[in-house]
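Predicted, not measured: the structure shown is a model, and the values here were computed from it. Order of the sequence lines fixes the chain letters, A, B, ..., with proteins taken first and strands second; residue numbering starts at 1 for each chain.
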Amino acid sequence: MACGLRHSVRFGFAGTAMLRGVAVLWMTLPGFGFGELSSATTTSPQTVVDVLQQMSGRADVIFTGQVMAIRRSGSASGGTASGIVEVDFRVDTAVRGCAGGLYTLREWAGLWVVESERYHVGERLLMLLHAPSAAGLSSPVDGLNGAIPIRQGGSPTPYAGPVATTRFVDLRWLGAKLPHDVSYRSESARSANDLLPPVPFVATPETLAAVASGSSAGVAAMTSSSAKAEASSIPAQQASVDSVLGMLTEWEKARHAAR
Amino acid sequence: MRLDSRERAVPCVSLRRMLLAMMTLAASAAPLWAGGPRWVTGPPYFTGSGAPVVWYTSHPLYFTDAGDLSATVDHAAANALVAGAAAVWNVPASSLVLAQGGTLNEHVSGANSYFGANGVVFPADVQSGNYQAVQIAVVYDRDGSITDLLLGNGASDPSGCLQNGVTESVDSIVPAGFIEHAVLVLNGRCTGPEPEKQTQMQYQLMRAFGRALGLGWSQTNDNVFTGSPQPTLNQALNWPVMHPIDIICGPYTYQCMPQPFTLRPDDVSALGELYNIAKGTAPQGKVDTGQDASQIFGRVLFPSGQGMQGVNVLGRRWHQYVDISRAEDWYTTSSVSGTQFRQSNGNPVTGIDSTFAGTQGSGNPYLEGYYNLQRVPMLSGDWMVVILETEPINPLYTGTYAVGPYGSNTVQPSGADHPLPEGLFVSYGYAGIDFSPTGPAASCSTAGDGTEAAPATVAPTGWWTGLLCGYAHAAWSSLAVKANRSFTVEVTAEDEQGFATTAKALPVIGVWNATDPRGSLPTVAAASQAFNGQTTGMTALTVSNTQPDQLRMVIADQRGDGRPDFNYQARVLYADSLSPATVSASGGTVTITGMGFRPGDAVTVNGVAATVSGWTANTITTTVPTLQALGASTALAADVTVTDSSTGGTTTMSGALNYGAPRATLSLVTAPSGTVPVGQAAPVAFAVQVRGSDGVAPVAGESVSFTAVSGSVLFAACGTGACTITTNASGIASTMVTPEGAGIITLQAAGVDGTATAFFSAVVRAQSVVPVQALEYVAAGATVVWNAQLDLYDNLSSTAGIPVTWAQTAGTVAINPSHTRANPQGVAQTLVTVGPVPAGSQATFAGCAWTSVCATFTARGVDPAEFRVAAISGTNQAVSAAGTLLPVMLQVTDVAGHPVAGATVQIYQTVNGWQPPCPAQGRCPIAPTYASAQSTVVSDVNGLVTIAPEQLSGIAETTDLAAVSGKQGFLGLTLEKQP
């Protein structure tokens with residue numbers, strides 16, 4: 001039975017499933033066909049993989065590589081930006097529109113002044129690039145969303161022998177491109193107790209003074225701030241480089257076959 | 001009392017940090033700006049430092065393209081779209097006035113824009129040099145050609161409109177800290193018949209205007225973006241227009257937030273920071289920024305006093321005189337601490353940061369933890385409370401979405417949020433509040449760190465922990481390495497709990513020769529990008545050197561930062577030396593000495609795995625493979641590599657292990673050992689084997705000379721003390737060995753392919769037998785059964801089970817059995833019937849072990865005239881009449897006291913009535929005789945006889961006993977049972 005990826009696991013914003021698992025599933029599903037997934041390129045993406053596929057579909061150059069050098073020319077320094085910035089990549093795996101070896105991306109310096117450092121020497125990236133324009137300039141698809149970080153992970157375990165360390169593609173920013181419903185809870189739906197000290201607590205100079213002196217209970221945070229802006233917003237959307245390259249390569253084959 | 005240099009409405013609100021606030025304000029001229037500027041001045045590019053980069057004029061004008069935006073959006077409609085987007089930024093509380101200045105001289109397109117020698121060339125009035133006339137050029141890219149020119153072919157495709165619908169570039173910022181010029185390119189392909197497309201473009205353009213005005217992204221009510229917890233409408237209404245990343249709820253993101261074209265208080269606060277209207281200076285149509293608002297600023301601090309950068313400080317309001325349950329459930333404004341401080345200070349590894357980030361922010365330490373909620377609108381009433389809270393920056397907000405000063409990698413705040421209610425006041429009120437989160441990292445001790453001028457020696461184990469504390473702190477170490485070695489330095493960033501993390505320090509590593517000039521960039525090796533290691537939070541650097549060297553090494557933060565929560569663990573994995581450094585072709589066991597080792601580290605020799613048997617931090621014991629396993633057939637110097645597979649760290653000693661050339665070898669197979677009796681052949685042969693150079697094939701026909709280097713032996717193969725034997729088809733030469741003298745024997749077998757030596761000890765055997773009782777005295781004429789016992793001794797082995805032969809040698813002796821074996825205690829025994837032996841005569845027999853080691857037993861006849869009788873026990877008994885007299889034991893001896901066996905003893909007993917002692921005067925009473933008896937007994941081998949006294953039960957009586965043996969042996973005694 002052929003199964004589309006979108007039927008297996010969804011990567012909603014609040015989801016916690018890992019793309020890594022999806023990638024494995026995707027690679028092992030019997031009868032999986034590009035045609036079933038290709039609808040992701042024309043419909044609203046439902047998963048991070050859909051987002052990746054859509055972006056890769058709009059890219060003319062795809063590779064993984066490491067930033068080796070950054071050169072500025074023209075007036076692309078200081079506070080002006082009429083020149084270009086050349087970024088040399090050592091291509092580790094070429095998927096589309098480039099060969100191995102060195103690839104030089106030429107960007108309009110205007111992007112660099114406003115965004116300061118777009119790339120860093122030594123950085124590893126999965127690059128989804130537009131084809132160079134007649135001027136030879138290019139940039140990642142969807143801005144820097146198309147320059148997807150490749151990171152290394154794994155836990156050193158002293159005295160426990162080798163551990164599996166892996167390079168993974170950090171797709172969290174692609175996860176932010178997934179559509180989701182916007183709805184609001186009522187103000188009253190939130191328990192007032194989240195905010196309350198144990199006793200009635202009225203804003204007066206005296207109560208503030210008591211708080212200040214430590215003789216009264218403090219005020220609770222509006223949200224659990226240690227968690228906010230951290231785990232809640234960052235589903236573990238990462239996949240091994242190999243699995244992502246596998247998907248990109250399959251899509252590339254299907255693209256050629258469709259021609 | 002609070003600080004009151006400006007208007008304050010609520011006196012006597014005592015706050016915990018009042019004094020601190022006063023002191024900080026008194027000690028520093030805190031800037032009025034803070035919060036969310038996109039850029040902040042700093043050296044070397046900017047002439048000032050710590051100030052937001054703003055437009056050189058508060059009335060920047062934009063000029064629109066002369067053409068249409070698209071087939072469906074003509075010039076006028078496009079101008080209306082732009083005007084709508086720009087108008088959002090014209091608010092009373094800010095001095096900024098963003099208005100249209102006119103129209104560009106042309107329609108900008110691919111026809112008049114091109115790529116020149118120095119980059120993209122726009123028409124002259126669009127170029128930044130024309131800033132005095134045109135500050136902001138708005139290009140209507142009707143066919144997408146400009147977008148494609150700048151961003152690449154296909155960038156203008158409508159599928160990418162959410163990203164490329166509007167391209168914004170601020171292309172001139174001058175050293176004085178002012179923006180002079182910007183270009184905004186509107187992608188006409190993103191418009192169409194659907195009005196929502198134009199509204200979406202207006203929304204994107206509004207946000208692009210905000211960026212072009214110098215506003216940074218803001219994180220306020222971020223749960224609207226994350227969805228967790230589900231936001232309220234008020235939170236969405238206070239989610240700033242300058243949020244970093246749009247929510248996507250459909251094709252048009254403007255539809256994903258309520259009132260998308262209305263600035264939030266946080267946006268106005270940021271705008272008020274950059275384009276401030278001081279009190280009493282508002283022109284017509286404007287109001288002072290501080291009117292009907294208050295300002296909170298201060299510092300987030302570590303206990304050490306160092307500012308804590310990168311903490312999002314938020315304020316929410318609490319109306320006066322209401323219960324806290326009615327405090328606002330949304331944040332009004334936010335500010336990231338340290339926004340005005342250095343973003344990137346460079347570091348010793350990469351040097352000065354020459355990028356734009358490297359010129360962002362002031363080096364003034366006061367600003368490191370500085371935050372500023374510039375404009376918190378007042379609630380109704382004469383005062384209000386603002387509750388300060390803190391939170392980390394969302395890790396997604398880096399790079400192009402960066403919020404705050406940590407642009408490339410967010411840093412987790414140290415400690416936990418501790419809501420801090422602060423009383424605030426009427427218009428123009430302000431407060432300076434320095435505070436610390438709950439439980440932040442407190443230590444900033446780096447005393448053990450070396451300096452560039454005096455680096456500290458690396459920890460002897462190669463493992464240590466450290467702290468990059470104090471801004472721009474770097475830890476310098478020194479390490480001596482030998483020639484042709486490589487080593488790996490691993491530095492793992494850790495949080496306050498010691499867990500590896502990527503949300504604290506960004507470790508970088510540099511290595512120099514010790515003699516390199518200070519201040520230079522690394523001359524030997526560098527890891528200039530953090531987290532290049534295989535494990536979380538790890539930066540690794542492998543260094544190779546061909547010459548012996550003293551190295552200088554640094555660990556620093558990539559940004560040049562340093563704080564009390566920048567912990568790290570460091571390790572130098574370095575294999576220094578081998579012992580032994582030379583092995584034969586067959587390999588062997590060697591010890592690697594170095595540092596940074598741990599259990600599990602693997603060893604390879606020229607890439608071939610060795611067997612590791614032990615680890616310490618400084619040593620690894622390993623058995624290296626054979627030369628053949630390395631695929632070599634000649635002597636070589638091999639590379640020895642230690643690898644930590646859990647981190648990927650390696651250290652190699654190149655050409656450090658010397659293998660001997662492969663050749664035939666003579667090796668020992670078996671040899672006598674331990675102790676061998678002199679004169680006896682050792683139980684194990686002395687055997688050697690000769691194998692070919694492959695270590696396997698036997699070599700036959702090779703002469704091997706067997707000798708005793710010390711001691712004297714007899715080699716059985718030749719029957720002499722020296723012997724030459726030829727190896728057989730198995731390559732073996734062998735002989736039995738018999739030592740001929742006592743002492744240490746050293747044997748040697750020598751051939752052309754080697755020598756084998758063996759040792760053993762030769763000892764003269766001592767065996768003896770000792771009778772337990774060698775002489776027995778027997779009554780003349782008597783026959784006695786004698787249990788003869790013989791102790792056997794052997795200095796080389798146990799005597800248990802050794803056979804003993806018993807035999808008569810003289811006189812009348814009968815032995816049964818005549819062959820016995822020693823028991824486990826080494827004693828052999830048999831029964832011997834001796835006699836009759838005439839007086840003065842002897843009968844003898846012998847027990848012999850080991851055939852010839854014998855002992856003689858003798859039975860001597862004793863004349864009855866020599867018998868004597870002695871009491872052994874039971875004499876002088878006096879018991880009650882109800883008691884019982886015990887047996888009496890007597891012994892028959894000869895005159896010399898030797899026990900005599902087989903002697904006949906006559907016993908006479910008379911039982912009389914008990915009588916009291918005789919009176920002092922008169923006759924003794926005559927006792928009645930109750931009974932009498934006579935018996936005969938014979939003494940045993942020990943001369944003993946036992947006599948049961950005659951007695952009457954329950955009657956007081958006297959038993960008179962007389963024992964007679966031989967002619968003179970007599971003993972009389974009386975036993976009493978008294979009334």
Examine whether an atom of B:P437 lies under 4.5 Å from a heavy atom of chain A, and if so say whether it belongs to the side chain, the backbone or both; otherwise answer neither.
neither
Do B:T147 and A:H130 have side chains that get closer than 4.5 Å, going by heavy atoms?
no
Heavy-atom closest pair, residues B:D148 and A:S133:
O-CB, 3.1 Å
For the student: nearest non-hydrogen atoms of A:Y184 and B:P258, plus distance
OH-CD, 3.1 Å
For the atom pair CG (B:L233) and OG (A:S183), what is the distance rounded to the nearest 0.5 Å?
11.5 Å
Report yes if some heavy atom in the side chain of B:N532 is under 4.5 Å from a heavy atom in the side chain of A:Q66; otherwise report no.
no
Rounded to the nearest 0.5 Å, the OG1 atom of B:T355 sits from the CZ atom of A:R118 at a distance of 14.0 Å
Would you mind reporting whether B:I247 and A:H180 have side-chain heavy atoms less than 4.5 Å apart?
yes
Supply the atom-to-atom distance B:S408 OG to A:E123 CD, rounded to the nearest 0.5 angstrom.
9.0 Å
Do B:S169 and A:W108 have side chains that approach each other closer than 4.5 Å (heavy atoms only, starting at C-beta)?
yes
If you round to the nearest 0.5 Å, how far is CZ of A:R172 from CG of B:N394?
8.5 Å
Under 4.5 Å, counting heavy-atom pairs only, tell me which of B:V224, B:N234, B:T167 racks up the most with chain A.
B:N234
Interface check, chain B: of A:N145, A:D181, A:D60, most non-hydrogen pairs under 4.5 Å belong to A:N145
Contact check, side chains of A:L111 and B:L150, non-hydrogen atoms, under 4.5 Å:
no
For chain A, find which of B:D601, B:I248, B:T502, B:L149 contributes the most heavy-atom pairs closer than 4.5 angstrom.
B:I248
Among the listed options B:Y114, B:Y401, B:Y397, B:F122, the residue most often paired with chain A at heavy-atom distances under 4.5 Å
B:Y401
Tell me, for B:H181 versus chain A, whether the close heavy atoms (under 4.5 Å) come from the side chain, the backbone, both or neither.
neither
Shortest non-hydrogen contact from B:I245 to A:A176?
CG2-CB, 4.2 Å
Could you check which of A:A131, A:A59, A:G122 has the highest count of heavy-atom pairs closer than 4.5 Å to chain B?
A:A131
B:Q163 meets the side chain to side chain donor-acceptor pair (under 3.5 Å) criterion, sequence neighbours left out, with none
Quick one: does A:W173's side chain have a donor or acceptor within less than 3.5 Å of a partner on B:L396's backbone?
yes
Quick check: do B:Q235 and A:R185 have side-chain heavy atoms less than 4.5 Å from each other?
yes
